[in-house]
2 protein chains.
Amino acid sequence: MARRYDHSRDELRQMILDETANQIKLVGVQKISARKIAKEIGYTIGTLYNFFRDLDDLIMQLNGITLDRLHTHLNNVELNGTVEEQLTELADAYIAFTRNNLNLWNSVFEYRLVPGKEQPDWYQEKIELLLRLIEQVISPLFTHLDPKECHQSAWVLWCSFHGICTLSNAEKNNEIAMEQARTLSRMLIENYLSGLKPRIGEADSEPH
Amino acid sequence: MARRYDHSRDELRQMILDETANQIKLVGVQKISARKIAKEIGYTIGTLYNFFRDLDDLIMQLNGITLDRLHTHLNNVELNGTVEEQLTELADAYIAFTRNNLNLWNSVFEYRLVPGKEQPDWYQEKIELLLRLIEQVISPLFTHLDPKECHQSAWVLWCSFHGICTLSNAEKNNEIAMEQARTLSRMLIENYLSGLKPRIGEADSEPH
DNA sequence: CCCCCTAGTGAACATCGATCAATTGATGTA
DNA sequence: TACATCAATTGATCGATGTTCACTAGGGGG
């Protein structure tokens, strides 16, 4: 039954990851099955364990890919206009991605903190990379302030977008969910940035 | 082996829920076991299924209790001072609760959307109840604006708190996680509310 | 042509959630 | 007291899970 070199190692590894993604899209992380994944790509369970330590490892690798895809998606957004307009474009792209990849996205955050399991370093690094996209957009507002403030504001906005998407995505209907998320994120951006401006004014008019 | 009336039905039901909470605290929702819960309270698996349709049902009931406990916790917060100060007190209480009940809190949101599984109505209702706490605190800022705006701003703040707590709780150390969450929520509150004020001024000076 | 090495196998194991026929034992009745 | 009733509780049973590992197949090098 062994069919060596039907696929290269890399091909096979990719097939496992792709099929896992398919299964998660269909039934969610909670309900995937190693046997099902193997069967679907025409191999047996054992083969999976030649590539991944265990199911958690497989899921973690896939989550990494999902984070990379999000980064690419956001990186491809054409940013035009004011800071507020650029931030809105980023938020919209983020909303669209998490909604169009609902189960994959849930997987990323459900496997964030299984107790007793270490969160790998590259997890945090990939998130920092996403954070930097926001940081770059809002940085013009912080030219006269402590750069640390820019970084922290990026964190606030990132966390808030995350919360808005997570809770909006409880809504079943695609359009309603995205519309709600867009409305809330616009309010957040408008008020948060508007709240920043008085302080920027201070910094401008009182240079030391 | 049957030991009827060792405990009343209500007692037994409560024992199951309590033991489930203990297990979740220790190992997380992902890893609880019906057999273990039954064994720990001195009964057999079958008994669990006399009280709950299945494990999901049991977890859902427990999640409801957790949401109720959060509501009680926030309701007991003494609110003093300005809107900003009151909102900060609410946020701090929310942060403390989610951190002190980490695994239970994760359970609430991980079981939010297993695909193909309906989110029960009372889930949303309990969340609306929490939302109302925020709405009441910020309502003084919206006396001259559309009440719908108050409701939406409460949503924005609630979602954002949720995101801040979720992402901060990835940090292992209790104090660091809570300190970070407090810092970010303070920035959010300060800037968001400050962003609201110019519009409130508008509404004040241009009454129709 | 043969042998080696490894990619791939799949039976075996422990454990899981869920079911349901069988059993236990407290209670009401004769 | 003896018996019948019946809800409460049991636990063997089922199908499925993740993981392991001794084994096998078969392509490539000598």
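Chain A is the first sequence line, chain B the second, and so forth, proteins listed ahead of strands; every chain is numbered from 1. Small disclaimer: the values here were computed from a predicted structure and weren't measured.
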Quick note, Arg35(B) side chain, CB onward, closest among dC16(C), dT9(C), dT19(D) is dC16(C)
Rounded to whole Å, CG of Leu48(A) lies from P of dT9(C) at a distance of 11 Å
(message) Looking at Val156(A), is its backbone amide N or carbonyl O close enough to the side chain of Ser160(A) to form a donor-acceptor pair, meaning the two atoms are under 3.5 Å apart?
(response) yes
Whole-Å distance, Gln30(B) CD to dG18(D) C1', equals 15 Å
Practice prompt. State plainly whether the residues Glu175(A) and Arg182(A) are in salt-bridge range, i.e. N to O under 4.0 Å.
Written response: yes
Is the phosphate of dG17(C) approached by Arg53(B) (side-chain N or O, under 4.0 Å from OP1 or OP2)? no
Quick note, Ile45(B) side chain, CB onward, closest among dG8(C), dT9(D), dA12(D) is dA12(D)
When rounded to whole Å, the CD1 to C1' distance for the pair Ile16(A) and dA7(C) reads 12 Å
Atom CG of Leu12(B) and atom P of dA7(D) are separated, to the nearest Å, by 18 Å
Picking from dT9(C), dT10(D), dG17(C), the nucleotide nearest the side-chain atoms of Thr44(A) would be dT9(C)
**Message:** Whether Thr47(A) contacts dA7(C) is assessed here as follows: a side-chain N or O lying under 4.0 Å from the phosphate OP1 or OP2. Is that the case?
**Reply:** no
Heavy-atom neighbours of Glu11(A) CD exceed 12 at 6.0 Å = yes
Tyr49(B) OH to dT10(D) P, in whole Å, measures 15 Å
Rounded to whole Å, the CG-C1' distance (Asp10(B) to dA8(D)) equals 15 Å
In whole angstroms, the gap separating P of dT17(D) from CG of Asp54(A) amounts to 17 Å
Whole-Å distance, Leu58(B) CG to dC16(C) C1', equals 15 Å
Practice prompt. Describe the nucleic acid contact of Ile32(A) in one word from base, sugar-phosphate, nothing, applying a heavy-atom distance below 4.0 Å.
Written response: sugar-phosphate
**OP:** Look only at the side chain of Thr143(A) and the backbone of Ser139(A), and say whether a donor-acceptor pair between them is shorter than 3.5 Å.
**Re:** no
Can you check whether Ser33(B) has a side-chain N or O nearer than 4.0 Å to OP1 or OP2 of dC16(C)? yes
Which of dT10(D), dG8(C), dT19(D) is nearest the side chain of Arg9(A)? It is dG8(C)
By nearest-heavy-atom nucleotide on DNA chain D, the more 5' of Asn50(B) and Leu55(A) is Asn50(B)
Enclosure of Asp121(A) CG (heavy-atom neighbours >12, cutoff 6.0 Å): no
